[in-house]
Amino acid sequence: MNPSFYNFLVHLSGNTWFLRIFDALAALVSGVLALAMRLDGQLPAPFLQAWLLAAVATIPILYLIFRWFGMYSRMWRYASVGDLIQVVKAVSCHAAAISGAIFLSGNPYPRGALIMAWLTLLALVGGIRVILRMASDRELGHTLGRGGEPTLILGAGSAGQQLTRELSRHSEMPYHIIGFLDDDPEKLGKSIQGYKVLGTSDDLELIVHNFGITRLVLAVPSGAGSLIRQVSLRGRNLGLTVQTVPSIFEVLSGNVAVSQVRPVQLEDLLRRPPVRLDHSAILEMAQGKTVLITGAGGSIGSEICRQMLNLNPQRLLLLGRGENSIYQITEELNDNPKSALIALEPIICDVRDRSSLERVFRTWRPELVFHAAAHKHVPLMESFPWEAIANNVFGTKNTAELAKEYCAERFVLISTDKAVAPENAMGASKRAAELVVDSLAHAGSTRFMVVRFGNVLGSRGSAPLRFQRQIAAGGPVTITDERMTRYFMTIPEAVQLVLQAGAMGEGGELFILDMGEPVKMLDLIHDLIRLSGLEPEKDIAITVIGPRPGDKLYEELLTPEEGYLASKHEKITVAQSRPLSPGKLETMLQELQELATLATLTPQQVIEVVKKAVR
């Protein structure tokens, strides 16, 4: 058929007056055709008159009903199954109206013909819309065999448009873009970057079937994890290769671009909408300053380094005791063009060694200190509680006291939800560190603050990484208890909020980051297995092994004694904690120091000392 005819039909699909006229004529004709079919071609005048009078009288009602069901506000060239269901509802309501009109008029009309008239009207009204949809598909003119996998992009916003531009420039990439999906009704049917918005996310299955889609790219960097989870699962069930663009946190870090497509990861499924930051306050805090980051080679410390590059400090001091991790983060930062304007100083130093640490402060006199150095692995610290005391308590004490002595402007301690009502040596040592920092906040010019949050995805030794290793090995995946829950956030998100809290702090605050809803660990394991293209219990077994030393079923972010206050930021609250008296603090530190020298020290002893101090 001539392509111009398809173009003509597509043009008609956007003309609501054409559809209104067609629907009115269909209402008149349907009863006539039904009567002819019912009476073998006969059209008795009384029956014909009854139908035509009722049909004409109810045309205003038809328009009201059809408008109610959105028959003239939908883009029928992209009609979905849901749209056709609305056609059935609208036609049925009008059939009932015209039948009522015939009944009230007292004119004769065969009952069997009424049912046939309903079916005929349904065929006419629905049929024209299906024809318009088919003509639109033909008019798109996408030849799926011209190279690359037929690809659908979810999200026609700025990220989707940027992605489309990049993919269009690189014909060697295995993507043949068919069009967009977008839930914004204003975009439906529009052409963006030369590709049409074919429907909403609800139309995924229909469009995949109609266009032979084999690849789905999620271009919603600020989309919530629930959306990513739902669409990813539907895509995998359809046999699609599902990919995504980086999250907004990854993009803002400056290390990736929106156009860098990658497979969907666990971080995407737990993604939350981006938080609003006071960038001017954060920039004012760091710009032109000398910034010391302890534990700079660790998961949180290295991300603080990355995000600091965007804040134009004068100098970054990358301090850690592990030479490999400090070397790696230094090399990574040096590869970033932004580092050309910033002095990077890698420093090998143990925060427990006060004299070496003081040399750093005396030499560089940092104005901002982010203290991320810590022992964090709960089971290990249950076996070596004296190491938790030495590093987490007295390493923090050394760093904080030197920050005060050398007049740093701000000191931020990175803490953990395991410090709340601690039941293990690591958590107790971090709670003691919080108390040490809090004790220094009430004298001197340095603003001391603590930022407490839960688990971060992708940190070294974290449970998700262990689960991924077990899945890669073919299972089983081990879990301590099916009821176990944890709070999670991505590393970039956590660090953004740490920087925001650091900029907000006036001194003495214990900031609590909003971690969202706790995640059931069993659900997280199921997600990881499915992301690997496998099915839980069918391809990969899950084994309950019982709690490890120091494990808690549920984590908390506040103790029962701590209330909280709203802060200037919706994702950050301030705990109302009572500072320890100098006497109690000194007693706690002295007892911990004595315990750290004992080879027989147990985690419970550490916990008891800390709990006794805060009673």
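- For the pair Glu405 and Glu358, the minimum side-chain heavy-atom distance is below 4.5 Å.
- Using a 4.5 Å heavy-atom threshold, the side chains of Phe394 and Leu589 count as touching.
- Judged by distance alone, with hydrogens and angles left aside, the side-chain atoms of Ser339 form a donor-acceptor pair with the main-chain N or O of Leu333 at under 3.5 Å.
- Evaluation of the salt bridge (charged side-chain N to carboxylate O under 4.0 Å, His left out) test over residues 585-601, restricted to residues two or more places apart or in two chains, returns Glu591-Lys612.
- Residues Val291 and Pro313 come closest through the heavy atom pair CG2-CB, 4.0 Å.
- Residues Val351 and Asn398 share a closest heavy-atom pair of O-ND2, 3.0 Å.
- A donor-acceptor contact shorter than 3.5 Å links the side chain of Gln161 to the backbone of Ala156.
- Looking at heavy atoms from C-beta onward, Trp364 lies out of side-chain contact with Leu319 at the 4.5 angstrom threshold.
- Counting only heavy atoms from C-beta outward, the side chains of Thr290 and Arg365 never approach each other to under 4.5 Å.
- Using a cutoff of 4.0 Å between basic side-chain nitrogens and carboxylate oxygens, Lys404 and Glu401 are not scored as salt-bridged.
- For residues 280-289, the side-chain hydrogen bond (donor to acceptor under 3.5 Å, both in side chains) pairs, not counting sequence neighbours, are Asp278-Ser280, Lys289-Glu409.
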Under the side chain to side chain contact (heavy atoms under 4.5 Å, CB included) criterion, do Met521 and Arg486 qualify, and how do the steps go? CA-CA 7 Å; Met521 296 297 280; Arg486 289 291 183 266; 3.8 Å; yes

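- The nearest pair of heavy atoms linking Thr294 to Ala372 is OG1-N, 3.0 Å.
- Between atom CG of residue Leu522 and atom CG of residue Asp527 there is a gap of 10.0 Å, rounded to the nearest 0.5 Å.
- A distance of 12.5 Å separates CD1 in Ile512 from CG in Leu497, rounded to the nearest 0.5 Å.
- Summarising the geometry of Ala403 relative to Val369, their closest heavy-atom pair is CB-CG2, 4.2 Å, with the distance given to 0.1 Å.
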Given the rule in the side chain to side chain contact (heavy atoms under 4.5 Å, CB included) test, do Asp353 and Leu357 qualify, once you have shown the distances and angles that lead to the verdict? CA-CA 6 Å; Asp353 184 343; Leu357 189 61; over 6 Å; no

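- With sequence neighbours left out, Glu323 forms a side chain to side chain contact (heavy atoms under 4.5 Å, CB included) with Ile348.
- Arg410 pairs by the side chain to side chain contact (heavy atoms under 4.5 Å, CB included) definition with Met285, Leu368, Arg447, Met449, not counting sequence neighbours.
- Contact record, Ala432 with Leu592: CB-CD1, 4.1 Å, taken as the closest heavy-atom pair.
- Taken to the nearest 0.5 Å, the CG atom of Leu309 stands 12.5 Å off from the CD1 atom of Ile304.
- Between Met588 and Leu585, some side-chain heavy-atom pair lies under the 4.5 Å cut-off.
- With sequence neighbours left out, Ser415 forms a side chain to side chain donor-acceptor pair (under 3.5 Å) with Glu434.
- Phe361 places a side-chain heavy atom less than 4.5 Å from the side chain of Leu292.
- Rounding to the nearest 0.5 Å places CG of Asp182 at 7.5 Å from CG of Leu154.
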CA sep, side-chain torsions, deciding dist, call: Leu218, Ser232, side chain to side chain contact (heavy atoms under 4.5 Å, CB included): CA-CA 9 Å; Leu218 312 181; Ser232 297; 3.7 Å; yes

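- At distances below 3.5 Å, at least one donor-acceptor pair connects side-chain atoms of Ser302 with backbone N or O atoms of Ser299.
- Thr446 contributes a side-chain N or O that, together with a main-chain N or O of Ala408, makes up a donor-acceptor pair within less than 3.5 Å.
- Not a single side chain to side chain donor-acceptor pair (under 3.5 Å) links Asn312 to another residue, sequence neighbours left out.
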Could you please spell out the steps behind the side chain to side chain contact (heavy atoms under 4.5 Å, CB included) verdict for Val495 and Arg306? CA-CA 10 Å; Val495 169; Arg306 294 183 191 101; over 6 Å; no

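- Looking at residues two or more places apart in sequence or on another chain, you find no side chain to side chain donor-acceptor pair (under 3.5 Å) involving Thr597.
- The ring-ring contact (aromatic ring centres under 6.0 Å, His included) check on Phe370 picks up nothing, with sequence neighbours excluded.
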Anything under 3.5 Å between a donor and an acceptor, one on a side chain of residues 383-393, the other on a protein residue two or more places apart or in another chain? List them.
unit_1: Glu387; atom_1: OE1; unit_2: Arg352; atom_2: NH1; d: 2.6
unit_1: Asn392; atom_1: OD1; unit_2: His375; atom_2: N; d: 2.8
unit_1: Asn392; atom_1: ND2; unit_2: His375; atom_2: O; d: 2.9
unit_1: Asn392; atom_1: ND2; unit_2: Ser429; atom_2: OG; d: 2.9

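- Taking CD from Glu332 and CG from Leu318, the interatomic distance works out to 10.5 Å, rounded to the nearest 0.5 Å.
- Counting only heavy atoms from C-beta outward, the side chains of Val231 and Val242 never approach each other to under 4.5 Å.
- The side chain to side chain donor-acceptor pair (under 3.5 Å) check on Ser581 picks up nothing, with sequence neighbours excluded.
- In terms of the side chain to side chain contact (heavy atoms under 4.5 Å, CB included) criterion, residue partners of Gln470 (sequence neighbours excluded) are, by chain and number, Arg466, Phe467, Val477, Thr478.
- In this structure, Val606 and Ala425 approach most closely via the heavy-atom pair CG1-O, 4.3 Å.
- In this view, Thr602 and Gln604, Gln605 satisfy the side chain to side chain contact (heavy atoms under 4.5 Å, CB included) rule, not counting sequence neighbours.
- Separating the CD1 atom in Ile529 from the CG atom in Leu524 is a distance of 10.0 Å, to the nearest 0.5 Å.
- Inter-residue side-chain proximity for Met308 and Leu499 is flagged as met; some heavy-atom pair is nearer than 4.5 Å.
- Of the possible polar contacts, none joining the Lys418 side chain to the Glu423 backbone as a donor-acceptor pair under 3.5 Å is found.
- A side-chain donor-acceptor contact under 3.5 Å links Glu303 and Gln307.
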